[in-house]
Amino acid sequence: MATKVRVRFAPSPTGGLHLGGVRTVLFNYLFAKHHNGEFVLRIEDTDQTRYVPGAEEYIIECLKWCGLNPDESPQLGGPFAPYRQSERKPMYRQYAEQLVKDGYAYYAFDTPEELNAKREAIPNFQYGHQFRKEMRNSLSLSPKEVKDLIEQGVPHVVRVKMPENETVTFNDMIRAEVSFDTNLVDDKVLLKADGMPTYHLAVVVDDYLMKISHAFRGEEWLPSAPVHILLWKYLGWEADMPQWAHLPLILKPDGNGKLSKRDGDRLGFPVYAMNWADPKTGDLTKGFRELGFLPEAFINLLVMLGWNDGTDQEVFSLDEMIEKFSIERVSKAGAKFDFEKAKWYNAEWIKKTPVEKIRSSFTAILDDNGIAGVEEHYLNSVIGLIKERCVLLTDFWQQASFFFRRPHEFDMDAVKPKWTNEKTEFFKSLVSTFPALPSWNATDLENEFKALAADKGLKIGDVMLPFRIMLVGGKFGPAVFDIAALIGKEESSERVSQFLDLINQ
RNA sequence: GGCCCGUUCGUCUAGGGGUUAGGACGCCAGAUUUUCAUUCUGGAAACACGGGUUCGAUUCCCGUACGGGCUACCA
């Protein structure tokens, strides 16, 4: 079938967007764009009890930040609107009823209490062919009883009737052939008592209605795949069923298991794409964005968790990823998240991103620190000098604050023990030569500095470090003469004088 | 417990019947940077185990072990 490639990301708006979720979006997006297809955002808000206000907007903001914008969404609309399952509620019942009519599903009247009692009484209880006759449903009750119950408005659900002794086999794009014995799959609820579909019904109906061609989701969905596949068949849509791809999971760095928000809190790294403030508790969970990650680095590190292009290349732009992505090269095994490597990707991206493109991030940091009105050319020069020393964008202030205000503290331990009157004299002379200097640039200044040191019989190394401490405050930063050149003649003089007063008092 | 999925350096991975099993992060050492970082060079570091198949298996098959996922009127 030469149908158009259409994929979807279908999150449940229950909280912050997990990095695994973003990777699922990314693989969806890359696959779609690689094939000139469409990427749909569908909100799966069928569980009203878990709905969290703001979560949907948050998800959209995350996608925007990552540059993975959908072609159709609740906000954008599209030919298959609405894209929010709660707004599609009336559509689902007819399909559930059709399944009942065709004998593929049935009404069940068991209360939650009854179900719990059953689960406690029978170890490994499964609502399936073995026990469904013992439950209260349209398979065990007489047609009249069923009719009466429904007419009385007794709450009920619709369950799929899993067949006996069948094998459901399908071809997963990542795992090849996977099979399930239907005897071991339970009669999943399709329509809840509140009239909302469960994920199982909704995903099939909406994927069909929205003409989804390829369905990507996490490996945790593999066990329910047979239910979905049977539903496609029972609804008569088998020929239109999307191709499935169950993505490997992202695992916690230590030990094993799916990476969770808790692991991030525990180990000190973000798990959500952006800051997430829980509206109920007010708890703030840090995100990659606020921690100082570039979106390019974020998606780059995510794509490498489970995919590679077969070469040694590790740094990819979105366009390169789109061009090179192929589902055949997605690995089967889960990948442990490594924050050290994540930071490396960020450092690489900060280094390779042009100053103009990251300037706004730094302006924001300056704002936060009360620095305003910095001249653009000056800022650009500072960024150019500092860029390759930042692993996170947020390292900028610590690395560059001295370019915008005088240091508050000085690393006296680095100079005091070896301080001499000769050094005081040297710096006094140095400053006195400044006004007459024909030009103010790093190389001329360096020559002047060295000549004077030689003249005074001082070793260069003995005065370089103090000079740095005077200008910067500590043992860090770019080349000293670059710093002096940039902050200017006046400022350099004043910092030297100020420091001389301090150390000689 | 049952079902399903998985298993190459610590981590992300390439590879694939005959290779010195390659790269990257991290780590260690050295060079450069008269600070620190960057950069460069070098180093340690892996095919889970047992049976097959084969002249030959890390690679193919089967088991075992280990790990993970699922087992809700959650997604």
Side-chain angles (χ1 to χ4, degrees), chain A residues 10-14 21 44-47 49-50 85 108 110-112 115-116 119 123-127 155-159 172 174-175 178-181 183-186 188-200 202-203 217-226 246 248-249 251-258 301 304-315 329 331-345 347-348 351 386-391 395 399 411 414 446 450 453 459-465 467-469 472 474-480:
Chain A
S12 173
T14 52
E44 307 230 343
D45 54 350
T46 54
D47 186 354
T49 62
R50 295 214 306 161
Q85 289 182 331
D110 318 272
T111 63
L115 287 170
N116 283 338
R119 288 193 185 102
N124 298 326
F125 170 80
Q126 199 169 251
Y127 205 125
H156 61 279
V157 302
V158 174
R159 282 180 185 273
D172 187 275
I174 293 170
R175 280 149 225 290
V178 184
S179 303
F180 295 87
D181 176 351
N183 290 333
L184 274 2
V185 182
D186 63 339
K188 289 268 186 285
V189 169
L190 263 23
L191 201 69
K192 301 187 249 188
D194 65 2
M196 274 289 197
T198 58
Y199 171 81
H200 305 296
V203 73
R217 63 202 337 186
E219 193 188 345
E220 72 266 32
W221 288 106
L222 207 42
S224 54
H246 291 89
L249 267 14
L251 278 12
K252 55 185 77 180
D254 60 338
N256 289 296
K258 250 200 299 193
L301 69 93
M304 296 311 284
L305 252 24
W307 175 83
N308 70 81
D309 76 340
T311 73
D312 285 341
Q313 186 176 347
E314 292 196 275
V315 176
R329 295 203 63 86
S331 52
K332 296 177 174 65
K336 289 187 185 182
F337 178 69
D338 180 358
F339 191 48
E340 291 306 317
K341 184 98 186 218
K343 286 191 289 193
W344 175 79
Y345 280 108
E348 289 298 307
K351 274 185 283 186
I386 288 309
K387 232 156 57 94
E388 57 273 350
R389 331 174 76 85
C390 294
V391 169
D395 292 338
Q399 288 290 332
D411 185 351
E446 182 171 356
K450 286 180 175 171
K459 276 190 282 183
I460 313 266
D462 289 343
V463 277
M464 282 275 274
L465 185 64
F467 193 34
R468 168 178 296 280
I469 303 294
V472 172
K475 289 191 278 188
F476 62 94
V480 232

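Lettering follows sequence order; numbering is per chain, from 1. Keep in mind the model is a prediction, meaning the values are calculated, not measured.
- Under the Watson-Crick or G-U wobble criterion, with both distances below 3.5 Å, B:C3 is paired with B:G69.
- Atoms NE2 (A:His246) and C1' (B:C70) sit 11 Å apart, rounded to a whole Å.
- Within 4.0 Å (heavy atoms only), A:Gly306 reaches sugar-phosphate atoms of the nucleic acid but no base atom.
- No more than 12 heavy-atom neighbours from other residues, nucleotides or ligands sit within 6.0 angstrom of NZ on A:Lys332.
- The backbone N or O of A:Gly310 sits less than 3.5 Å from a side-chain atom of A:Asn308, completing a donor-acceptor pair.
- Following rounding to the nearest Å, A:Leu251 (CG) and B:G69 (P) show an atom-to-atom distance of 7 Å.
- Of the P atoms belonging to B:G26 and B:G2, the separation is 43 Å, rounded to the nearest Å.
- Here A:Met464 lies in heavy-atom contact (under 4.0 Å) with a base.
- If you take CG of A:Asp462 and C1' of B:U35, they are 14 Å apart, rounded to a whole angstrom.
- No salt bridge links A:Asp338 with A:Lys341; every basic N to acidic carboxylate O contact stays at or beyond 4.0 Å.
- The same atom, P, is picked in B:U53 and in B:G69; the two are 37 Å apart, to the nearest Å.
- Going from atom CD of A:Gln313 over to atom P of B:U13 covers 17 Å, rounded to whole Å.
- Here, B:U58 and B:G52 have their P atoms 13 Å apart, quoted to the whole Å.
- Counting to the nearest Å, the P atom of B:C12 and the NZ atom of A:Lys252 are 15 Å from each other.
- Not a single side chain to side chain donor-acceptor pair (under 3.5 Å) links A:Asp395 to another residue, sequence neighbours left out.
- Atom CG of A:Asp309 is separated from atom C1' of B:G15 by 14 Å (rounded to the nearest Å).
- Around atom NZ of A:Lys351, more than 12 heavy atoms belonging to other residues, nucleotides or ligands sit under 6.0 Å away.
- Nucleotides B:A14 and B:A24 are separated by 15 Å at their P atoms, to the nearest Å.
- Straight-line distance from the CD atom of A:Glu446 to the C1' atom of B:U33: 12 Å, rounded to whole Å.
- Per the geometry, CD belonging to A:Glu388 stands 14 Å off P belonging to B:A37, to the nearest Å.
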Using the 3.5 Å cut-off, write out each protein N or O paired with an N or O of nucleotides 1-9 of chain B and the distance between them.
from : atom 1 : to       : atom 2 : distance (Å)
B:C5 : O2'    : A:Arg175 : NH1    : 2.7
B:C5 : O2'    : A:Glu219 : OE2    : 2.9

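- Atom C1' of B:A45 sits at a distance of 8 Å from the matching atom of B:G10, rounded to the whole Å.
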Pick out the pairs of N or O atoms, protein on one side and nucleotides 42-47 of chain B on the other, that lie under 3.5 Å.
none

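- A donor-acceptor pair is defined here as one N or O able to donate and one able to accept, closer than 3.5 Å; no such pair exists between the side chain of A:Lys258 and the backbone of A:Glu220.
- Rounded to a whole angstrom, the distance from the C1' atom of B:A57 to that of B:G1 is 36 Å.
- Only the P atoms considered, B:U7 is 16 Å distant from B:C47, to the nearest whole Å.
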Identify the pairs formed between an N or O of the protein and an N or O of nucleotides 24-26 of chain B at a distance under 3.5 Å, and give each distance.
from  : atom 1 : to       : atom 2 : distance (Å)
B:A24 : O4'    : A:Glu314 : OE1    : 2.8
B:A24 : O2'    : A:Glu314 : OE1    : 2.5
B:A24 : O2'    : A:Lys341 : NZ     : 3.0
B:A24 : N3     : A:Lys341 : NZ     : 3.1
B:C25 : O2'    : A:Lys341 : N      : 3.4

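- Proximity of A:Arg217 to the phosphate of B:G69: no side-chain N or O atom is located under 4.0 Å from OP1 or OP2.
- Looking at heavy-atom distances under 4.0 Å, A:Pro248 makes no contact with the nucleic acid at all.
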Protein N or O to nucleotides 72-75 of chain B N or O, pairs below 3.5 Å:
from  : atom 1 : to       : atom 2 : distance (Å)
B:C73 : OP2    : A:Arg119 : NH2    : 3.4
B:C73 : OP2    : A:Arg159 : NH2    : 3.2
B:C73 : O2     : A:Ala193 : N      : 2.8
B:C73 : N4     : A:Asp110 : O      : 3.0
B:C74 : OP2    : A:Lys192 : NZ     : 3.1
B:C74 : O2'    : A:Asp47  : OD2    : 3.3
B:C74 : O2'    : A:Arg50  : NE     : 3.2
B:C74 : O2'    : A:Arg50  : NH2    : 3.1
B:A75 : OP1    : A:Thr46  : OG1    : 2.7
B:A75 : OP1    : A:Lys192 : NZ     : 3.0
B:A75 : OP2    : A:Tyr199 : N      : 3.2
B:A75 : O3'    : A:Glu44  : OE1    : 3.3

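- Listed by chain and number, the residues in a side chain to side chain contact (heavy atoms under 4.5 Å, CB included) with A:Ala10 are A:Arg8, A:Arg42, A:Glu44 (sequence neighbours excluded).
- Across every strand in view, B:C25 sits in a pair with B:G10 that passes the Watson-Crick or G-U test at under 3.5 angstrom.
- Of the candidates B:U39, B:U35, B:U13, the closest approach to any side-chain atom of A:Asn308 belongs to B:U13.
- Within the structure, a side-chain polar atom (N or O) of A:Lys258 is placed less than 4.0 Å from OP1 or OP2 of B:C70.
- Contact annotation for A:Lys351: backbone-only contact, meaning every heavy-atom pair under 4.0 Å involves sugar-phosphate atoms and none involves a base.
- Base pairing analysis places B:G63 opposite B:C49; the two distances defining the Watson-Crick or G-U wobble pair are each below 3.5 Å.
- Nucleotides B:U38 and B:U32 place their C1' atoms 11 Å apart, quoted to the nearest Å.
- Aromatic ring orientation, A:Phe125 versus A:Tyr127: perpendicular (interplanar angle above 60°, classes split at 30° and 60°).
- Across the strands present, B:C40 finds its partner in B:G30; the criterion is a Watson-Crick or G-U wobble pair with both atom distances under 3.5 angstrom.
- Side-chain atoms of A:Thr46 never come within 3.5 Å of backbone atoms of A:Met196 as a donor-acceptor pair (strictly under, hydrogens ignored).
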